[in-house]
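Encoded as C-alpha cells, the structure appears first; notes follow it.
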Amino acid sequence: MKKPVIGIMPSHDGDYMRLKKTYHEAIWSLGGVPLTLAYTTDSERLSEYIDACDGFLFSGGLDINPELYGEGIKFDNVEIDPARDEFESAIFPMVYKTGKPVLGICRGLQGINVFLGGSLHQHIDGHSQKPIPGTEPTQRVKVIEGSMLHKITGESELTVNTFHHQAINRVADCLCVDAVAEDGTIEAIHHKERDFLLAVQWHPEIYFKTDAAMQKLFCAFIEKCK
C-alpha cells in the first residue's frame, strides 16, 4: 500500500526553510512520507500542494500575528513571521475545504484556532520548560473524557513538554477543547464535525519514541491520511 504523503509547514530563515528533523522522523517512523512545503501564495502552486498531500501538519514556530484576530501587538516578546502567516493563511482554507486530515502542533494549534475565528492570549507565564530539548515532559494535562484525544490515547491525563508563551483565548466556534493544563490553559483542540482535525499545544514529535500515547497520536493521524 502506498504510504500517505504528509505536507508539513516549516519555519524559514531568509531564503532557507527550517524544520526540526524530529517532525520527519515521527512521520517516517510511523508510516507516512513527510514533505516540507515551501512558502507560496500562488493559487496554482497551492492547489498542487493540496493534490499532492494526503494530510497536513501545521508545525511549531514564531507567534501568530495578532492582526489576524483583530489585535495589535501588546508585548515586546511577541515575535511574528509575516511570510509564514501569509502562506498559512492562504493554504489553510484550501486544506480545510478538502476535509483532508490536519494535525497542529504548538503554533499549529494557535494558528488553526485563529484561522477558524478564535483568538489568543498574546503572553502567558509558566509554560516554557527547562530542560531543553523536551525529551523529558514536565507538565501534566487533563484530557477531557470522550474527546478525540481521549479516544486516541485512552488516557485521562498526560505528561507533556511545554515550549510556548501564547495560548488559546477564545476558542473558535467549530472547535472543542480536548485537554487543559493545571492552570486552565487550553492544551488540545479538535473540530466538532471533521473526521480528523486535531491540534496539541505541546511537541509530541520530540518524544514520540518513548511515549506510547504520542505514538498513538501520530499513528491515528497517519492512518486517517491513507
Side-chain angles (χ1 to χ4, degrees), residues 5-29 32-96 100 102-116 119-124 127-135 161-168 199-208 218:
V5 176
I6 311 299
I8 308 177
M9 315 300 157
S11 297
H12 80 293
D13 183 5
D15 292 330
Y16 297 89
M17 294 189 297
R18 292 193 301 109
L19 187 71
K20 288 187 177 180
K21 65 180 182 179
T22 48
Y23 289 103
H24 281 203
E25 290 173 350
I27 298 298
W28 265 322
S29 297
V33 177
L35 176 65
T36 304
L37 304 182
Y39 295 179
T40 182
T41 57
D42 180 87
S43 59
E44 184 175 349
R45 293 179 179 179
L46 290 171
S47 294
E48 290 172 345
Y49 282 161
I50 300 301
D51 292 340
C53 298
D54 302 298
F56 296 86
L57 193 162
F58 286 76
S59 69
L62 295 181
D63 301 324
I64 304 293
N65 191 334
E67 290 183 0
L68 294 176
Y69 49 95
E71 296 182 8
I73 293 176
K74 298 178 180 178
F75 297 90
D76 291 339
N77 62 353
V78 174
E79 297 181 80
I80 64 172
D81 183 345
R84 184 168 183 182
D85 287 335
E86 187 177 21
F87 169 49
E88 292 187 353
S89 294
I91 197 171
F92 181 82
M94 298 177 68
V95 171
Y96 187 71
K100 289 184 177 183
V102 173
L103 176 64
I105 291 176
C106 200
R107 169 196 158 97
L109 169 143
Q110 297 166 9
I112 288 167
N113 183 59
V114 169
F115 299 147
L116 291 173
S119 68
L120 304 178
H121 294 292
Q122 291 191 31
H123 178 74
I124 60 171
H127 285 264
S128 296
Q129 78 173 61
K130 294 181 181 179
I132 295 173
T135 50
N161 56 21
T162 179
F163 295 104
H164 64 104
H165 82 107
Q166 296 199 332
I168 289 177
V200 298
Q201 185 61 79
W202 60 89
H203 282 270
E205 80 284 357
I206 293 177
Y207 65 108
F208 77 96
F218 277 107

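In what follows, residues are counted from 1 in the order of the sequence shown.
Between Cys106 and Gly60, the shortest heavy-atom distance links the atoms CB-CA, 4.2 Å. Between Pro133 and Ile206 the shortest heavy-atom distance is O-CD1, 3.3 Å. Minimum interatomic distance between Ile124 and Ala167 (heavy atoms only, all atoms of both residues): CD1-CB, 3.7 Å. Of all heavy-atom pairs spanning His24 and Ile8, the tightest one is CD2-CD1, 3.7 Å. Between Phe115 and Ser89, the shortest heavy-atom contact is CE2-OG, 3.5 Å. His12 and Ala83 get closest at one heavy-atom pair: CE1-CB, 3.9 Å.
No donor-acceptor distance shorter than 3.5 angstrom exists from the side chain of Arg18 to the backbone of Ser11, with no hydrogens or angles considered. For the pair Ser59 (side chain) and Met9 (backbone), a donor-acceptor distance under 3.5 Å is present. Within the 3.5 Å criterion, the main-chain N or O of Gly72 finds a donor-acceptor partner in the side chain of Gln122. No donor-acceptor distance shorter than 3.5 angstrom exists from the side chain of Gln166 to the backbone of His123, with no hydrogens or angles considered. A distance-only check finds no donor-acceptor pair linking the side chain of Arg45 to the backbone of Ala38 [under 3.5 Å].
Of the listed residues (Phe58, Phe56, Tyr49), just one forms a ring pair (Phe, Tyr, Trp, His ring centres under 6.0 Å) with Phe92, and that residue is Phe58.
Counting heavy atoms from C-beta on, the side chains of Glu67 and Asp85 never come closer than 4.5 Å. By the 4.5 Å heavy-atom criterion applied to side chains, Phe75 and Asp63 are not counted as neighbours. The shortest side-chain heavy-atom distance between Ser29 and Phe208 falls under the 4.5 Å cut-off. The shortest distance between side-chain heavy atoms of Tyr23 and Thr36 does not fall below 4.5 Å. In this structure, Ser128 and His164 have side chains that are not in contact, with every pair of non-hydrogen atoms separated by 4.5 Å or more. Proximity of Cys53 to Val5: side-chain heavy atoms (C-beta onward) are separated by under 4.5 Å at one or more points. Side-chain contact between Asn113 and Tyr69 is absent, with no heavy atoms from C-beta onward closer than 4.5 Å. A heavy-atom distance below 4.5 Å is found between the side chains of Pro34 and Trp28.
Note that the CD atom of Glu88 and the CG atom of Asn65 stand 12.5 Å from one another [nearest 0.5 Å]. Atoms CD1 and CG, on Ile6 and Asp54 in that order, are 6.5 Å from each other to the nearest 0.5 Å. Here Ile168 contributes atom CD1 and Gln110 contributes atom CD; the two are 7.5 Å apart, rounded to the nearest 0.5 Å. One finds the CD1 atom of Ile91 at 12.0 Å from the OG atom of Ser43 (value rounded to the nearest 0.5 Å). Remark: Phe87 CZ to Asp81 CG distance equals 11.5 Å, nearest 0.5 Å. Atom CG in Leu103 sits 10.0 Å away from atom CG in Leu109 (nearest 0.5 Å).
With sequence neighbours left out, the side-chain contact (heavy atoms from CB on, under 4.5 Å) criterion links Ala90 to Thr41, Leu46.
Looking only at atom types and distance, the side chain of His203 has a donor-acceptor partner in the side chain of Glu205 under 3.5 Å away.
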Would you sort out whether Lys100 and Asp51 count as a salt bridge (charged side-chain N to carboxylate O under 4.0 Å, His left out), showing the intermediate values?
-> CA-CA 10 Å; Lys100 289 184 177 183; Asp51 292 340; 5.5 Å; no
Intermediate values then yes/no, side-chain contact (heavy atoms from CB on, under 4.5 Å), Thr162 and Trp202 = CA-CA 5 Å; Thr162 179; Trp202 60 89; 5.8 Å; no
